[in-house]
Amino acid sequence: MYVCLCKGVTSQTVSEVVAQGASTTKKVAKACGAGSDCGRCRRTVRAIIEAALMAPETR
Amino acid sequence: MRSLVIASDYRVPDPTRVPQLLESRKPALADIGAHHVIVHASTIDHGRVLVSIAVRNRQPIVDLLRSRVFFEWFDAVGVEDIPAVFAGELVDRIDLTDAADSWPPGVIVAAMTSVPDVSSVIEHVHLALDRFRAAGIRKTWIFQAFDDPREVMILQEIGDENSARRWIEDPDSAAEWMENAGMGAYPPLFVGKFLHMMRIDETD
């Protein structure tokens with residue numbers, strides 16, 4: 001899924017940076033650019049962060 | 001020239017305005033190579049729509065999605081938070097209908113999700129066609145994403161609301177993709193009906 005249309009960042013990339021420790025939308029934006037331009041994808045970025053927090057392997 | 005489908009699932013203040021707004025954007029959609037736009041409206045979640053755009057275009061997908069057409073579209077329909085967008089191609093289409101049972105239009109159940117292996121999903125579906133038919137499944141379209149080979153969008157047309165409800169509550173084991181819908185960037189399962197189709201000619 002393309003999450004950030006401005007920067008062309010996919011959900012796979014966002015998930016990777018979240019797995020590497022980006023735990024807020026600001027940290028994700030800094031790590032891969034998603035949400036750093038118009039910011040209208042931040043809700044989806046938050047959903048990816050929340051899903052990662054709920055995943056059993058990250059508990 | 002590459003054929004692709006761009007789809008997204010989001011909530012709009014008034015789904016009945018979507019066809020008219022699409023018509024007013026025909027020239028812009030023609031500019032990006034769109035040739036068909038299909039809109040489904042949710043029957044269980046008012047305001048939710050699934051919009052699928054079939055495109056023929058030479059541009060890299062990222063450049064296409066970055067074009068103003070999409071931002072202007074979301075502005076026009078009143079969508080502030082831009083949803084995740086699926087971009088991929090049709091990899092399988094299964095039609096289980098006879099001429100007699102293809103009318104009236106059925107219920108669409110759509111899932112965008114990640115699966116371990118798309119080719120094994122296709123194989124499992126083909127082995128389960130008799131069970132799919134018995135469950136009321138008329139058609140199945142499987143799209144595979146360009147950006148992630150494990151990502152799919154799977155649309156199924158089911159005969160009626162009751163069969164769709166039963167299928168969602170207790171899907172066949174071959175419909176493994178239904179389990180993970182709604183996680184992370186993926187929207188929850190979409191259940192709806194056809195609302196509008198717009199054909200766009202190159203001259204539009």
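Within every chain, numbering begins at 1; the chains are lettered A, B, ... in the order of the sequence lines, protein sequences first and strands thereafter. Just so it is clear, the model here is predicted, and its values are computed rather than measured. What you see below is based on every heavy atom in this structure, not just the backbone, and it leaves out hydrogens, waters and symmetry mates.
The most heavy-atom pairs under 4.5 Å with chain B, out of A/C4, A/C6, A/S15, come from A/C6. Among the candidates B/L65, B/D63, B/I6, B/V79, the residue making the largest number of heavy-atom pairs closer than 4.5 Å to chain A is B/L65.
Only the side chain of B/F70 comes within contact range of chain A, with heavy atoms under 4.5 Å apart. Looking at B/A185, the atoms closer than 4.5 Å to chain A (heavy atoms on both sides) sit in the backbone and in the side chain alike. For A/E50, no part sits under 4.5 Å from any heavy atom of chain B, backbone or side chain. Only the side chain of A/C38 has a heavy atom closer than 4.5 Å to any heavy atom of chain B. Neither the backbone nor the side chain of B/M153 comes within contact range of chain A, judged by heavy atoms closer than 4.5 Å. In this structure, the portion of B/P83 lying under 4.5 Å from any heavy atom of chain A is its backbone and not its side chain.
Listed for the B/D147 side chain is a donor-acceptor partner under 3.5 Å among the backbone atoms of A/M1. A donor-acceptor pair under 3.5 Å is formed between the side chain of B/E157 and the backbone N or O of B/G106. In this structure, B/R11 contributes its side chain and B/H46 its backbone to a donor-acceptor pair below 3.5 Å.
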side-chain contact (heavy atoms from CB on, under 4.5 Å) between B/M112 and B/E151, worked out = CA-CA 7 Å; B/M112 296 179 191; B/E151 192 171 276; over 6 Å; no
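At least one cation-pi condition fails for A/R40 and B/F71: the charged atom is not both under 6.0 angstrom from the six-membered ring centre and inside a 45 degree cone around its axis.
For B/R17, the CZ atom sits in a loose shell: 12 or fewer heavy atoms of surrounding residues, nucleotides or ligands are nearer than 6.0 Å.
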